[in-house]
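Labels below follow one simple rule: chain letters A, B, ... track the order of the sequence lines, proteins then strands, and each chain is numbered from 1.
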Number of protein chains: 2
Amino acid sequence: MATIRDVADLAGVSVATVSRSLQQPERVSPKTRSRVISAIEQTGYQPNQMAVKFRSGKTHSLVVLVPTVANLFFARVISGMQEAAAQRGYTLLLGNTLGNPQIEAEYARMVQTAQADGVIQLRAFNPFVTDPSSGSGLLPMVNACEVLETSLCPTVTLDNRQAAATMTRHLLEHGHQRIALIKGPQASPLTQERLAGYQDALKQANIEFDPALLFDGDFTLHAGYEAARQILAHPQRPSAVFCENDETAIGAMQAIKEAGLKIPEDISIAGFDDISFAAFCDPPLTTIAQPAEEFGQTAVNLLVDVLTGKISKAPKVIMPFELIIRHSTGPAPGAAHLNQAM
Amino acid sequence: MATIRDVADLAGVSVATVSRSLQQPERVSPKTRSRVISAIEQTGYQPNQMAVKFRSGKTHSLVVLVPTVANLFFARVISGMQEAAAQRGYTLLLGNTLGNPQIEAEYARMVQTAQADGVIQLRAFNPFVTDPSSGSGLLPMVNACEVLETSLCPTVTLDNRQAAATMTRHLLEHGHQRIALIKGPQASPLTQERLAGYQDALKQANIEFDPALLFDGDFTLHAGYEAARQILAHPQRPSAVFCENDETAIGAMQAIKEAGLKIPEDISIAGFDDISFAAFCDPPLTTIAQPAEEFGQTAVNLLVDVLTGKISKAPKVIMPFELIIRHSTGPAPGAAHLNQAM
DNA sequence: TATAAATATGTAACCGTTTGCATTAATGCT
DNA sequence: AGCATTAATGCAAACGGTTACATATTTATA
């Protein structure tokens, strides 16, 4: 590869002039600049980015900590991030952490080793806000999608509690009294927030919360399937199942249909996320839509803003959600009159 | 951040000794080494990776050109890549190219600008094998999943033609005579190879190929849905539909069920890829399973091998596929006897 | 036209490592 | 003990840019 020195020699100027022709064109005379430009073209010179990054101390890279890329919701978020990052001249380093704090820590260390300028975390567990080895104590980081209330860094999220309550209310309005909830991973704040919203709506409707209607999941198809089988075996079968994400709901639908029950006539199913498959199941899934791409865009914009000193506070941005009513939810069996009343 | 100089000063040695203590421990005496180690611990020293990469000329990063991360098959491939890359000390830079050659070129340029050591391409269109600006002419690159027969670089793929023929044969064996094919994107070699396999099987069964049974798609749910609607409107409705990927198949199933037809009683559906949702549709989808994670692993191992000079040739590795028979395919209407005969 | 101000360019230090070569210390051999 | 050999360490250059500062050149001002 041609270096800046080759260009300088060919153009008959110093390396400083070549550098300036690129960085601050107004500081070099038009004629020499054009000589430099043509020398650049002739040599095919392209600045060695490692040298640039090393010298400037800025990598223009961001580490993204994602539990798994094999999740359609995260995939959309990442797409949004890529777009925004490209626009602002940043590169994304994807860290598939599998939710493993050790792997997370390893990736986050890339900031300390000058391989990245900042970190975006798509899950809430954040041991990196305080860096034990440095006095400063803060790592440039933003939290997206899943956030702890106590998070000290900028966050972009959605009111999961409100959203879950909205969906639960939708089911209650259809006369469902016993609504099962298939939760996400135990450790996730999402799981807790959505559970809280579910409880809020129940309380508001004066329906007693029954812990026996709570089922464990982990946001996968398989977990949804298994949980639904347990639900079907319940002595007093619920008339509706609210799943904390769409994969879970689609897995649950499978188990329910296998058992010979009809959705939503026998049992209603609701999801969360509105992944592409939600509109293409049988029946199409009622769910909560999240602006996934915008999550990603907002997250990188926020991070780049803190990196460039444009913002100093730690804003919390709340994205909107939308209840998408399709055909997997309907009136509770024997409660058609209630539906009419709506 | 502490630098190597700080460590050297604290340990009372030269920077060279510190560097050697880490790079070639056997070249420094045990006592000084331990002094260095403790100095490293005291200072919390971590080598500045930008300096290392700059100095060594090796970035230990690989660019992955992926049309879209929002595709479950690619997501699995990427997971496999991450795993192998981490194992071999490499970092992945993900380039969401949207299939845009210009964006691809931009990402591929990262090798020339020393931001990455090599490129992995998940689609076949490869304008980068020849680098016009350098005499050498070759960019360290491997092709995965989708490959051109003429590809000059190492490739890892699957015999798509064979696989498609296998699936088509499966349908033929169930007595289907008119089998529609919903294709992938026009430009993709995958599309053509799978089409060729479909034709091979037809020919072998002495069934005349009917171009009217070919439908355009683009590997999305929506395209599958639309194509299926066209298929249903066909004057002589086919009794089976072979979709070039699972998303297409799932989209098609939706349209077919909406039309009030039963799968597989009225019409059989087959997919390709075996994404997680394939087992969770209604009915579960018959498809071709590909070892996606292994694709990714093999691709990065191949690339790292060429980068480290372990291989000089350009091997073509063919991964195995498997026909997964679920319940979306069955005997053609009025051909139960044929099924018996199997 | 002399002088100040502004503009253009060059010189060289610097970023944090790695590594070839020189130097010094330790060990082995006769 | 004296010399050759090997091991341990230090010195300083190099990687390819950027940029503060110095210098040279042009333009403006009186």
Please report the distance, rounded to the nearest Å, between CD1 in A:Ile4 and P in C:dC15. 19 Å
Side-chain atoms of A:Pro47 come closest, of D:dG17, C:dT17, D:dG10, to D:dG17
For A:Lys31 and C:dA8, give me the distance from atom NZ to atom P, rounded to whole Å. 9 Å
Of the listed nucleotides (D:dT9, C:dG10, C:dT18), which one gets closest to any side-chain atom of B:Arg55? C:dT18
Just how far, in rounded Å, is C1' of D:dT18 from CD of A:Gln49? 13 Å
Nucleotide C:dA12, atom P - distance to CZ of A:Arg5 in whole Å: 11 Å
Looking at every strand, decide which applies to B:Thr3 at a 4.0 Å heavy-atom threshold: base, sugar-phosphate, or nothing. sugar-phosphate
I want to check one thing: is the phosphate of D:dT9, taken as OP1 and OP2, less than 4.0 Å away from some side-chain N or O of B:Thr32? yes
Mind calculating the distance between CD (A:Gln46) and P (D:dG16) to the nearest angstrom? 15 Å
Nearest to the A:Arg20 side chain among C:dG20, D:dT19, C:dT17, which nucleotide is it? D:dT19
Hey, which sits more toward the 5' end of DNA chain D by its nearest nucleotide, B:Arg33 or A:Ser19? B:Arg33
Using only side-chain N and O atoms of A:Ser29, determine if any of them is under 4.0 Å from OP1 or OP2 of C:dT9. yes
Quick one: B:His60 NE2 to C:dT18 P, roughly how many Å, whole number? 12 Å
Nearest-Å distance for atom pair CD/C1', residues A:Gln23 and D:dG16: 13 Å
Around A:Gln102, counting heavy atoms of other residues, nucleotides and ligands shown, do more than 12 lie under 6.0 Å from its CD? no
Any side-chain N or O of A:Ser56 under 4.0 Å from OP1/OP2 of C:dC15? no
NZ (B:Lys316) with more than 12 external heavy atoms under 6.0 Å: yes
Atom pair CG (A:Asn96) and CD (B:Glu83), whose distance is rounded to the nearest 0.5 Å: 9.5 Å
Applying the side-chain contact (heavy atoms from CB on, under 4.5 Å) criterion to A:Leu122, which one of A:Asn71, A:Val66, A:Leu65 satisfies it? A:Val66
Starting at NZ of B:Lys53 and ending at P of D:dG16, how long is that distance when rounded to a whole Å? 17 Å
For the atom pair OG1 (A:Thr97) and CG (A:Asn100), what is the distance rounded to the nearest 0.5 Å? 7.5 Å
Here's a test of your reading of the structure: between A:Ala16 and B:Val15, which maps to the more 5' nucleotide of DNA chain C? A:Ala16
B:Gln82 side chain to A:Leu94 main-chain N or O, any donor-acceptor pair under 3.5 Å? yes
Please determine, for the side chain of A:Asn48, which listed nucleotide (C:dG10, D:dG16, C:dT17) has the closest atom? D:dG16
Hey, is the side chain of A:Tyr45 poking within less than 4.0 Å of OP1 or OP2 on D:dG17, counting only N and O atoms? yes
Think A:Thr17 has a side-chain N or O under 4.0 angstrom from the OP1 or OP2 of C:dT9? no
According to the 5.5 Å centroid and 30° plane-angle thresholds, does B:Phe54 stack upon the nucleobase of D:dC15? yes
A:Arg27 or A:Leu22: which one's nearest nucleotide on DNA chain D is closer to the 5' end? A:Leu22
